[in-house]
Protein chains: 2
Amino acid sequence: MKRGPQRSLEPQAVLDAALELIDAGGLTMRALAARVGLTPGALYTYFPDRAAIVSALADRLLGEADLRLLEDRDREADARIVAYSLDLRRVLMRHPAAVPAILGAAFQGPVALRVGESLLAALPDARAAYAVMVYVLGAIALEAAEAGEGEVPPEAERVAARRAAFAVDPGEFPRTHAAAGQIAAYISTEQFRWGLERVLAGLRA
Amino acid sequence: MKRGPQRSLEPQAVLDAALELIDAGGLTMRALAARVGLTPGALYTYFPDRAAIVSALADRLLGEADLRLLEDRDREADARIVAYSLDLRRVLMRHPAAVPAILGAAFQGPVALRVGESLLAALPDARAAYAVMVYVLGAIALEAAEAGEGEVPPEAERVAARRAAFAVDPGEFPRTHAAAGQIAAYISTEQFRWGLERVLAGLRA
DNA sequence: ACCTGAACACCGTTCAAGT
DNA sequence: ACCTGAACACCGTTCAAGT
């Protein structure tokens, strides 16, 4: 048996609290310490700095999407890519305030490598695989920016709110005005899937 | 003639200084005030808060890309979209540290509306136009995250650095290992253009 | 209206000292 | 090794008072 002082928490418990705080709109070292019952300085025995916490959080969220959807050998490659991307979007849109931090962390953790390897199995042209990553992460980033922090309302509600808020001068922006209904639906699952399928079709051609 | 007290600076001068600070890696109200020769509190007569400065900066940077490239009637629509997107990428990659803030500001300013209207003229299907926006902004966001802050080195140098830094276990990640050379080139202009052309092809099909 | 000086309520990080 | 208490060097924003 080991002796001596022990951590009062697992690093995972610190990350749990960090995710709750980032969702609520303010991840600070002081708030995080208070949440887990420590002094701010004590956090630095768990993680070297705040950026390391954000990186660990990014990898953990990425790991919550179901990778088996991408690896399922019984389905066609593009269908697997679409299914996994939809699941990743579902996971990340539960934590919109964390998305910018995740984009910044640049997906370099251990889980990200596994996802990349599986994506290359489904789409062996590395350039094409990157284009898919760009579309998927770009779409999620734009939606997350729109959602802001806190609880994300149901999709239908968000689209309706966009429709109501979207009013431009028909004289100056005729096409934008005419397309307002479609523009409100940009953040819908249907638009995400349609765009991804079109992107994949272009890359396979 | 108007009388009374006058602003000692134009709001544009404040934004100039703000852009320099964000490029250098730290836009703070205090640093900004010092740069323009004011007290921090005085900035609040120019902009209501820090977020308003970032939004104004986003719209201003968007305005630096040459919209005529998108509107030029003598060229084919897709060629115009590619030319404008390349110019936008060039402008934003001069200020990589500003890109996350710009994504967050969600492109809602007056210039963004004009760009959207012109994009719809070139690509009337609003869903397709949004998919193009997603690809272009997503690609720029991922490249900017990689570049970090400060001066961005020439592209060839950045690709070489990525190639040197990129080493994964060939046993665990065979496809990633085999594609390392291509993965290093993800941030190249050629990859950006190739991906955009494939995306456009898929959307037109 | 514009600006200063000063304050309020915060930050991330470090570090001597304790166990 | 883990943690506290206290400090250091910062933040964004507000506001009475001056011009």
Side-chain angles (χ1 to χ4, degrees), chain A residues 1-58 97-98 100-102 104-106 145 148-150, chain B residues 1-58 97-98 100-102 104-106 145 148-150:
Chain A
M1 295 287 283
K2 283 254 209 73
R3 285 276 160 190
Q6 294 179 357
R7 290 183 119 82
S8 64
L9 315 112
E10 294 302 316
Q12 274 295 344
V14 177
L15 290 182
D16 286 341
L19 187 55
E20 283 174 35
L21 285 170
I22 215 170
D23 285 346
L27 169 60
T28 72
M29 299 301 273
R30 288 159 191 272
L32 180 55
R35 186 69 82 99
V36 298
L38 290 177
T39 259
L43 290 175
Y44 292 81
T45 61
Y46 290 82
F47 296 94
D49 53 26
R50 189 184 182 282
I53 295 178
V54 171
S55 287
L57 220 41
I102 287 173
E149 58 204 33
Chain B
M1 295 285 283
K2 284 255 210 72
R3 284 277 159 189
Q6 294 178 359
R7 290 183 119 83
S8 63
L9 313 113
E10 294 301 317
Q12 274 295 342
V14 178
L15 289 181
D16 286 341
L19 186 56
E20 284 175 35
L21 285 170
I22 215 170
D23 285 347
L27 169 61
T28 71
M29 299 303 271
R30 287 158 193 272
L32 180 55
R35 185 69 82 99
V36 297
L38 290 176
T39 258
L43 291 174
Y44 292 81
T45 60
Y46 289 82
F47 296 94
D49 53 27
R50 190 183 182 281
I53 295 179
V54 171
S55 286
L57 220 41
I102 288 172
E149 59 203 33

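The basis for the numbers below is simple: all heavy atoms, side chains too, and nothing from hydrogens, waters or symmetry mates. What you see is a predicted model, and the numbers here were worked out from it, not measured in a lab.
- At whole-Å resolution of the value, CZ in B:R50 and P in D:dC11 are 11 Å apart.
- Atom pair A:F47:CZ and D:dC2:P shows a separation of 13 Å (rounding to whole Å applied).
- Using a 4.0 Å heavy-atom cutoff across all strands shown, A:L32 reaches no nucleic acid atom at all.
- Remark: C:dA1 base-pairs with D:dT19; criterion is Watson-Crick or G-U wobble with both hydrogen-bond distances under 3.5 Å.
- Summarising the geometry, the separation between CG on B:L43 and C1' on D:dT13 is reported as 11 Å, rounded to the nearest angstrom.
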* To do: Run the numbers on A:L57 and A:L19 for side chain to side chain contact (heavy atoms under 4.5 Å, CB included), then give the verdict.
  => CA-CA 7 Å; A:L57 220 41; A:L19 187 55; 4.1 Å; yes

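- Rounding to the nearest 0.5 Å gives a distance of 8.5 Å between CG of B:L32 and CG of B:L38.
- Nearer the 5' end of DNA chain C, as judged by each residue's closest nucleotide, is the contact made by A:A31, out of A:A31 and A:P48.
- Taking only side-chain atoms of B:T28, from C-beta outward, the nucleotide of D:dG5, D:dG12, C:dT4 with the closest atom is D:dG12.
- Closest contact between the side chain of A:M29 and the listed nucleotides D:dG12, C:dG12, C:dC3 involves C:dG12.
- Atom pair A:R7:CZ and D:dC3:P shows a separation of 7 Å (rounding to whole Å applied).
- At D:dC3, one or more side-chain N or O atoms of A:Y46 fall inside 4.0 Å of OP1 or OP2 (strictly under the cut-off).
- Across all strands shown, D:dT13 forms a Watson-Crick or G-U wobble pair with C:dA7, both key distances being under 3.5 Å.
- Not one N or O on the side chain of B:T39 forms a donor-acceptor pair closer than 3.5 Å with the backbone of B:A42.
- Between B:L27 and B:R50, the shortest heavy-atom contact is O-NH2, 2.9 Å.
- Here the P atom of nucleotide C:dA1 and the CG atom of B:L38 are 18 Å apart, to the nearest Å.
- Among the atoms of the strands shown, none is found under 4.0 Å from any heavy atom of A:I53.
- Listed nucleotides C:dT14, C:dT4, D:dT13 differ in distance to A:Y44; the shortest reach to its side chain belongs to C:dT14.
- Picking from C:dT13, D:dT13, C:dC3 the nucleotide with the shortest atom distance to the side chain of B:R30 gives D:dT13.
- Considering all non-hydrogen atoms of both residues, A:S8 and A:Y46 come closest at N-OH, 3.6 Å.
- The phosphate of D:dC2 (OP1 or OP2) has no side-chain N or O of A:T45 nearer than 4.0 angstrom.
- C:dG12 atom P lies 11 Å from atom CG of A:D49, rounded to whole Å.
- Spacing between C:dA9 and D:dA9 at atom P, rounded to whole Å, works out to 23 Å.
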